[in-house]
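One structure follows; several queries about it will come next.
What's counted below: heavy atoms across the whole structure, side chains too, no hydrogens, waters or symmetry copies. In listed order, ligands and their atoms are each counted from 1.
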Amino acid sequence: MANEKTPVEKTPVTLLGLGAMGAALGRTWLDAGHPLTVWNRTPGKTDALAAYGAEVADSAAEAVAASRLVIVCLLDDASVGEALADADLTGKDLVNLTTGTPAEARERARWAEERGARFLDGGIMAIPPMIGVPESGGYIFYSGPRALFDEHRATLAVPTGTSYAGEGPGHASLQDVALLSAMTGMTGGILHAFALVRGEEDIAPKEFAPLLSGWLTAMALAVDQTAAQLESGDYTEGVVSNLAMMTAGNATLLRTAEEQGVSTELIAPFTDLMAARLAEGGHDGESVTGIVDMLRHK
Ligand code: FVH
């Protein structure tokens, strides 16, 4: 039994993939005292972690053989299949942090189980500089068997926060991609806003930026209202800016873009959907929440 004189042994970790994210993850396990074996397709990328004490394997199969807990952080699902093609996964606990679709995660789970491994899928909600920085707010979604997640939770929590997304192997990936998709829409809006003010000598991007981030932060609160309306089924609940008013306002957004010589291609798909929802009739006093239903029925 561990006491002050006999430190707890840290779980050995194998890490496949030392790209920007893998290298950041690996460093944290070394810092926390976990024995770490690494492999990367391009050998030179292992040097930095080797200098901090990582064992470097000559092949992915050799790296997998070194530890029960195998973390994979590669470019995409195809690279996972390629890298692990010759590895013996019998008795391994495979944790795949490679971004993929929910269907890829489900298929990869089946593939791993057929090869004798237990499997968790992960979706990383952080960028490399957030890894090893608890106050950054980064975390990783995990899905798969709860008992397996609990068994490795302490080790998985070393690089960043953990959030269990459910037993279904596709759940982590689905929530990961849903959040990334929201970010994609938000980034499109940000770029459109900068394009509108670009070229105005007296509106400097650096002065406009805090106005933009402040507005987006305030508007993010709408997420809670959307959730409440989806759960109640009443899309008029708590509405202060209704669809009829917003659709009329969209004409101003589109005309302003034209006046400023800015393409509407980033915002027009959304304004078109709002107009189509209004044209269905009976939705004037609702929020934009009904567009969720329109998207699912397409
Ligand atoms: N970096 C980020 O900001 C995001 C944050 C959210 C999560 N993503 C996902 O994390 C996965 C890895 O991303 P990354 O940033 O480490 O990506 P790269 O720096 O491009 O490194 C890619 C590694 O994958 C290896 N690799 C690629 N193809 C193969 C293959 N066919 N067989 C074996 N390994 C392969 C590559 O090896 P090499 O090019 O150095 O030889 C790198 O180790 C990813 O899913 C993100 O979506 C990151």
Tell me whether Asp234 at atom CG has more than 12 heavy atoms from other residues, nucleotides or ligands lying less than 6.0 Å away. yes
Kindly confirm or rule out an N or O of Ala126 lying under 3.5 angstrom from an N or O of ligand 1. no
Under 4.0 Å from any heavy atom of Leu74, which atoms of ligand 1 are there?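 Result: 11 (C), 12 (C), 24 (O), 25 (C), 34 (N), 44 (C), 45 (O).
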Is there a side-chain contact between Met21 and Leu97, using heavy atoms and a 4.5 Å cut-off?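 Met21 does not reach Leu97 side chain to side chain.
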Suppose I only count heavy atoms of Cys73 and a 4.0 Å limit; which atoms of ligand 1 are within that range? 10 (O), 11 (C), 12 (C)
Please work out whether any backbone atom (N, CA, C, O) or any side-chain heavy atom from C-beta onward of Leu18 is under 4.0 Å from ligand 1, and answer side chain, backbone, both or neither. backbone
Using every non-hydrogen atom in the two residues, find where Leu266 and Gly188 come nearest and quote the distance to one decimal. CD1-O, 3.4 Å
Check Met125 against ligand 1 and report side chain, backbone, both or neither, counting heavy atoms closer than 4.0 Å. neither
Sub-4.5 Å side-chain heavy-atom contact between Phe119 and Asp93: no
With a 4.5 Å limit on heavy-atom distance, are the side chains of Tyr235 and His283 in contact? no
Mind checking whether Leu75 has an N or O less than 3.5 Å away from an N or O of ligand 1?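 Yes, Leu75 has an N/O under 3.5 Å of an N/O on ligand 1.
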Any side-chain heavy-atom pair from Asp284 and Asn242 closer than 4.5 angstrom?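 No - every pair of side-chain heavy atoms lies 4.5 Å or more apart.
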One residue to check: Arg41. Relative to ligand 1, which of side chain, backbone, both or neither has a non-hydrogen atom less than 4.0 Å away?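 For Arg41, the contact with ligand 1 is made by both the backbone and the side chain.
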Tell me whether Ala60 reaches ligand 1 (any heavy atom closer than 4.0 angstrom to a ligand atom).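 The answer is no, since Ala60 has no heavy atom less than 4.0 Å from ligand 1.
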Has Asp76 got any heavy atom lying under 4.0 angstrom from an atom of ligand 1? no
Test of understanding: given a 4.0 Å heavy-atom threshold, classify the contact between Asn40 and ligand 1 as side chain, backbone, both, or neither. side chain
Per-atom contacts of ligand 1 with Thr99, taking only distances under 4.0 Å to non-hydrogen atoms: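 Contacts of ligand 1 toward Thr99, numbered from 1: 7 (C), 8 (N), 9 (C), 45 (O), 46 (C), 47 (O).
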Met21 heavy atoms, cut-off 4.0 Å: which ligand 1 atoms fall inside? 5 (C), 13 (O), 14 (P), 15 (O), 16 (O)
If we only count N/O pairs under 3.5 Å, is Ile124 in contact with ligand 1? no
Who's the nearest protein heavy-atom neighbour of atom 31 (N) of ligand 1, and how far?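 Checking every protein heavy atom, the shortest distance to atom 31 (N) of ligand 1 gives Glu82 OE2, 3.0 Å.
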So do the side chains of Thr271 and Thr264 get within less than 4.5 Å of each other, counting heavy atoms only? no
Report, in ascending order of atom number, the atoms of ligand 1 lying under 4.0 Å from any heavy atom of Lys45. 38 (P), 39 (O), 40 (O)
Can you confirm whether Glu265 is buried at CD, in the sense that more than 12 heavy atoms of other residues, nucleotides or ligands lie under 6.0 Å from that atom?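 It does not: Glu265 CD has 12 such atoms or fewer within range.
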Glu104 and Ser173: side-chain donor and acceptor closer than 3.5 Å?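 Absent: no donor and acceptor within the cut-off.
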For the pair Phe194 and Phe208, name the ring-plane relationship: parallel under 30°, tilted 30 to 60°, perpendicular over 60°.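 Taking Phe208 first and then Phe194, their aromatic rings stand perpendicular (interplane angle over 60°).
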